[in-house]
Amino acid sequence: MPLTVYGTELSSRLLLGTAQYPSPAILAEAVKASGAGVVTVSLRREGLDGGSGGGFWSLIRQLGVRVLPNTAGCHTVKEAVTTARMAREVFGTNWIKLEVIGHHDTLQPDVFGLVEAARILADDGFAVFPYTTEDLVVGERLIEAGCEVLMPWCAPIGSAKGPVNIDALRAYRAHFADTPLIVDAGLGRPSHAAAVMELGFDGVLLNTAVAKAGDPVMMAAAFAQAVEAGCGAFEAGPLEPRDMAVPSTPIIGKAVFS
């Protein structure tokens, strides 16, 4: 079943960031190789860099993907809300990936400011995609604020550590069984993406792992395959780990030699 968020069916469960690529051409090829139908864009990077944002916007339009602007770099509610409203005007969409950063080193979200900003933006007609932690209570508050999708991290942004707390992510998936969940931040390898998809998450959003790879295009394709494999494995119903060995060959009916 395809992933649907805010009434829109997405063509892929992989969402891709657009920062840090070696060149616009490599970015374009990576997006194509990933099959992503949604890319994230920072208004600050693309709109305030002396005019190159126009060329970037033209490139995105040529790729035919949907833009999910984000409030990257915002550390206060006011800053995030203002950036979101500017992004709506620039990119012509009410979708916003909401980031309110609370810690400079880990880039961990300020969950208190995040909930406040989410409520303001949801009331203003935004479809909010909140970058959050795996805290269950915060997730509940975000849904109460009007969010219809949650985006918990699996590790700090850009760390490439992969899921550092599998049990917490598993509990998050179980708790929000009817909410679309997209793992955002900390994925470093395709195997990490497959691992979280096998837990039943609905999608992944990543940037650095592809953009900074030795071959971003090849890595984008690898992540696409991993997301598909992980999703398929979850839907197929994987075996749960066991404490003891279980023979795959039946004992009954075997020949007995004396």
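The basis for the numbers below is simple: all heavy atoms, side chains too, and nothing from hydrogens, waters or symmetry mates.
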> How many angstroms lie between CG in Leu15 and CG in Leu10, if you round to the nearest 0.5 Å?
Replying inline: 6.5 Å

> Going through the distances and angles, do Phe201 and Phe234 end up as a ring pair (Phe, Tyr, Trp, His ring centres under 6.0 Å)?
Replying inline: CA-CA 9 Å; Phe201 281 84; Phe234 173 75; 9.4 Å; no

>> Using 0.5 Å steps for rounding, measure from the CG atom of Leu14 to the CE atom of Met197.
In response: 9.0 Å

> Are the side chain of Thr71 and the backbone N or O of Glu99 linked by a donor-acceptor pair below 3.5 Å?
Replying inline: yes

> Okay, side chain of Asn70, backbone of Thr40: is any donor-acceptor separation there less than 3.5 Å?
Replying inline: no

>> If I take atom NE2 from residue His192 and atom SG from residue Cys154, how far apart are they, to the nearest 0.5 angstrom?
In response: 7.5 Å

>> Please check: side-chain N/O of Ser34 versus main-chain N/O of Val31, any donor-acceptor pairing under 3.5 Å?
In response: yes

> Around atom CD of Glu198, are there more than 12 heavy atoms of other residues, nucleotides or ligands at under 6.0 Å?
Replying inline: yes

> So, for Ala30 and Ala220, which heavy atoms are closest and what is the spacing to 0.1 Å?
Replying inline: O-CB, 3.3 Å

> Of the non-hydrogen atoms in Leu205 and Leu187, which two are nearest, and what is the gap between them?
Replying inline: O-CD1, 4.3 Å

>> Taking Arg242 first and then Glu240, would you say they form a salt bridge - that is, a charged N and a carboxylate O separated by under 4.0 Å?
In response: no

> Within the side chain of Thr4, is there an N or O that forms a donor-acceptor pair under 3.5 Å with the backbone of Gly7?
Replying inline: no

>> Going by ring-ring contact (aromatic ring centres under 6.0 Å, His included), name the pairs with one or both residues in residues 101-124, residues two or more places apart or in two chains.
In response: His75-His104

>> Test your reading of the model: is there a side-chain donor-acceptor pair from Thr82 to the backbone of Glu79, 3.5 Å cut-off?
In response: no

> Which pair of heavy atoms, one from Thr133 and one from Pro109, lies closest together, and at what distance?
Replying inline: CG2-CD, 3.9 Å

> Should we count CZ of Arg189 as having more than 12 external heavy atoms under 6.0 Å?
Replying inline: no

> Can you tell me if Arg173 uses its side chain to pair, donor with acceptor, with the backbone of Gly200 under 3.5 Å?
Replying inline: yes

> Counting N and O atoms only, with roles assigned by atom type, does the side chain of Arg13 sit under 3.5 Å from a partner on the main chain of Asp202, one being a donor and the other an acceptor?
Replying inline: yes

> Can you name the closest pair of heavy atoms from Phe223 and Val210 and give their distance?
Replying inline: CD1-CG2, 3.8 Å

> When rounded to the nearest 0.5 angstrom, what distance separates CD1 in Ile60 from CD in Gln62?
Replying inline: 9.5 Å

>> Here's a test for you: under side chain to side chain contact (heavy atoms under 4.5 Å, CB included), which of Val128, Ile182, Leu181 qualifies with Leu150?
In response: Leu181

> In chain order, what residues pass the side chain to side chain donor-acceptor pair (under 3.5 Å) check against Asn207, with sequence neighbours excluded?
Replying inline: none

> Is there a donor-acceptor contact under 3.5 Å from the side chain of Tyr6 to the main chain of Glu148?
Replying inline: yes

